[in-house]
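When reading the values below, keep in mind they use all heavy atoms of this one structure, side chains included, and skip hydrogens, waters and symmetry mates. Computed from a prediction, not measured in an experiment: that's the story for all the values here.
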Amino acid sequence: MAERWRLMAVHAHPDDESSKGAATTARYAATNADVLVVSCTGGERGDVLNPNLKGDPHIERDLSQVRREEMKRAQEILGVQHTWLGFVDSGLPEGDPLPPLPDGCFALEPLDVTTEALVREIRRFRPHVMTTYDENGGYPHPDHIMTHKVSMAAFLAAGDPTAYPHAGEPWQPLKLYYNAHNREKYVAFGEAMEAQGLDNPYADWLKNWDKDKARTITTRVECSDYFDQRDQALLAHATQIDPDGAWFQVPRDLQVRVWPTEDFEAAVSYVPVVPVEDDLFAGLGDVADADALATKGDLELVYDNRKEATV
């Protein structure tokens, strides 16, 4: 059997892998790729967001272990591999002024420390493609912003034999994508629901979405056959999702008809990116070609869409 493609999805917390790009990872895992989800933290400082589970003594006693068990179930549903990078959740600070982040948390770790940990995983798994968050973290959670920084630094360092020489043999991932937060999708969902006489669960949310901060969609992966796996994986994170919330109010048939893809934004690539792609591995040739390129050394970026953070 020919060697399969390899995709690494880097996320901040357990449950992020099921709410961002999950149908895509399920599709690739079921068809032609090995997929590794990396959770940078254990979600130790998360809140219980499911109103049906608030006050549960088992969850309150050991949320960290509960979230690990939830992640295991989600991993099995998506059919992916999984690893913990081993850092501690920073929590989402609230208040005015914001309180300081807790000592020892992921967002305060030296970038060299976090980058080396991810470089080690990249060199072990040898992904051809990586996905992560944009320069603003997708939303301004300190762990999401740190995940972006670590992913970008590790992507660029993994193929450099002088960088982190004790972290394994050099391997250069060839493309890195951001999970795209696409306003147009939620507008389309809302309009389609209203046309059917249904309440639009995104109306208030969209009012506060700055139209001038639209992302550049370079890649649309058709994955509607895996929407059920995506939803079941998200529901496996029972402490983190309200099963009656907006995530689950859009009828499945409407989702498939209106927006059957998950969307991505190419950030950096060592091969040309020609929008609009329909495959994260577009432009890489076959697996043998990509393997040879990833170990060639001295590659130069041919596509660079990085931006400065605005948060």
Side-chain angles (χ1 to χ4, degrees), residues 8-23 25-26 29 35-95 98-109 113-114 117-118 121 132-133 137-147 150 179 201 205 226-250 252:
M8 174 183 282
V10 186
H11 290 284
H13 311 105
D15 82 271
D16 288 323
E17 85 297 325
S18 296
S19 61
K20 302 165 188 67
T25 55
V35 180
L36 176 66
V37 169
V38 178
S39 298
C40 292
T41 80
E44 298 88 350
R45 291 191 170 94
D47 295 320
V48 177
L49 302 178
N50 183 344
N52 301 315
L53 297 180
K54 288 185 180 293
D56 183 293
H58 168 60
I59 293 171
E60 291 183 346
R61 182 171 59 249
D62 197 353
L63 180 61
S64 177
Q65 181 59 33
V66 169
R67 297 200 68 180
R68 284 181 171 269
E69 293 166 356
E70 291 175 343
M71 182 65 232
K72 181 63 175 175
R73 288 194 290 273
Q75 172 195 351
E76 292 169 350
I77 291 167
L78 294 175
V80 300
Q81 301 173 46
H82 175 256
T83 192
W84 302 97
L85 207 58
F87 297 100
V88 178
D89 189 348
S90 305
L92 182 60
E94 296 179 329
L98 291 175
L101 294 174
D103 290 342
C105 72
F106 178 53
L108 295 182
E109 289 280 0
V113 172
T114 51
L118 186 54
E121 281 302 314
T132 191
Y133 312 143
Y139 82 109
H141 189 297
D143 285 337
H144 283 243
I145 294 170
M146 184 62 159
T147 296
V150 173
N179 297 286
W205 187 36
Y226 301 90
F227 284 176
D228 182 64
Q229 278 178 261
R230 172 203 64 193
D231 290 353
Q232 292 305 314
L234 190 55
L235 287 167
H237 293 283
T239 62
Q240 300 303 299
I241 192 74
D242 181 354
D244 300 316
W247 280 106
F248 303 104
Q249 291 182 19
V250 183
R252 178 69 53 73

Item to check | Donor-acceptor contact present, side-chain Glu70 to main-chain Thr239, <3.5 Å | outcome: yes

Next on the checklist: Donor-acceptor pair, distance only, cut-off 3.5 Å: does the side chain of Asn179 make one with the backbone of Thr132?
Outcome noted: yes

Checklist entry - Can you list the steps and then say if Arg45 with Val88 is a side-chain contact (heavy atoms from CB on, under 4.5 Å)? => result CA-CA 8 Å; Arg45 291 191 170 94; Val88 178; 3.4 Å; yes

Checklist entry - Take atom NZ in Lys72; do more than 12 heavy atoms of anything else shown fall under 6.0 Å from it? => result no

Next on the checklist: Show the nearest heavy-atom pair for residues Ile241 and Leu234, with the distance to one decimal.
Outcome noted: CG2-O, 3.4 Å

Next on the checklist: I need the Cys40 SG to Glu109 CD distance, nearest 0.5 Å.
Outcome noted: 11.5 Å

Item to check | Under 3.5 Å donor-acceptor, Asp16 side chain and His13 backbone | outcome: yes

Item to check | Reported NE2-to-CZ distance for the pair His144 and Phe106, which is rounded to 0.5 angstrom | outcome: 10.0 Å

Item to check | Euclidean distance, Phe248 CZ relative to Asp242 CG, rounded to 0.5 Å | outcome: 8.5 Å

Checklist entry - Between Ala74 and His237, what is the shortest heavy-atom contact and its length? => result CB-NE2, 3.4 Å

Checklist outcome for this item: All heavy atoms of Leu63 vs all of Gly46, minimum pair found to be CD2-O, 3.0 Å

Next on the checklist: Determine whether a donor-acceptor pair (N or O, by modelled atom type, separation under 3.5 Å) exists between the side chain of Asp143 and the backbone of Ser90.
Outcome noted: yes

Next on the checklist: To the nearest 0.5 Å, what is the distance between CD on Glu60 and CG on Asp56?
Outcome noted: 7.5 Å

Item to check | Shortest non-hydrogen separation from Val80 to Val37 and the atoms involved | outcome: CG2-CG2, 3.9 Å

Checklist entry - Where the side chain of Gln249 meets the backbone of Asp244, is there a donor-acceptor pair that is under 3.5 Å apart? => result yes

Item to check | Short side-chain to backbone donor-acceptor contact, Ser39 and Thr41, under 3.5 Å | outcome: no

Checklist entry - Is Asp47 reaching over with its side chain to a backbone N or O of Leu49, donor-acceptor style, under 3.5 angstrom? => result no

Checklist entry - Of the options Arg67, Arg73, Lys20, Arg68, which is the one that meets Asp15 in a salt bridge (Lys or Arg N to Asp or Glu O under 4.0 Å)? => result Arg67

Item to check | Least distance between heavy atoms, Val35 atom then Ala29 atom | outcome: CG2-N, 3.8 Å

Next on the checklist: side-chain contact (heavy atoms from CB on, under 4.5 Å), that's the test. Do Leu78 and Ser18 meet it? Break it down for me.
Outcome noted: CA-CA 8 Å; Leu78 294 175; Ser18 296; 4.1 Å; yes

Item to check | Glu17/Gln75 under side-chain contact (heavy atoms from CB on, under 4.5 Å): CA gap, chis, key distance, verdict | outcome: CA-CA 9 Å; Glu17 85 297 325; Gln75 172 195 351; over 6 Å; no

Checklist entry - Run the side-chain contact (heavy atoms from CB on, under 4.5 Å) check on His141 and Thr147 step by step: do they pass? => result CA-CA 10 Å; His141 189 297; Thr147 296; over 6 Å; no

Checklist entry - What closest approach, in Å, do Ala236 and Ile77 show between heavy atoms, and which atom pair accounts for it? => result CB-CD1, 4.0 Å

Checklist entry - Could you give the distance from CD (Glu121) to CE (Met8), rounded to the nearest 0.5 Å? => result 6.0 Å

Item to check | Polar side-chain atom of Glu44 near backbone of Ser64 as donor-acceptor pair, under 3.5 Å | outcome: no

Checklist entry - Roughly how far apart are Tyr139 OH and Ile145 CD1, rounded to 0.5 Å? => result 10.0 Å

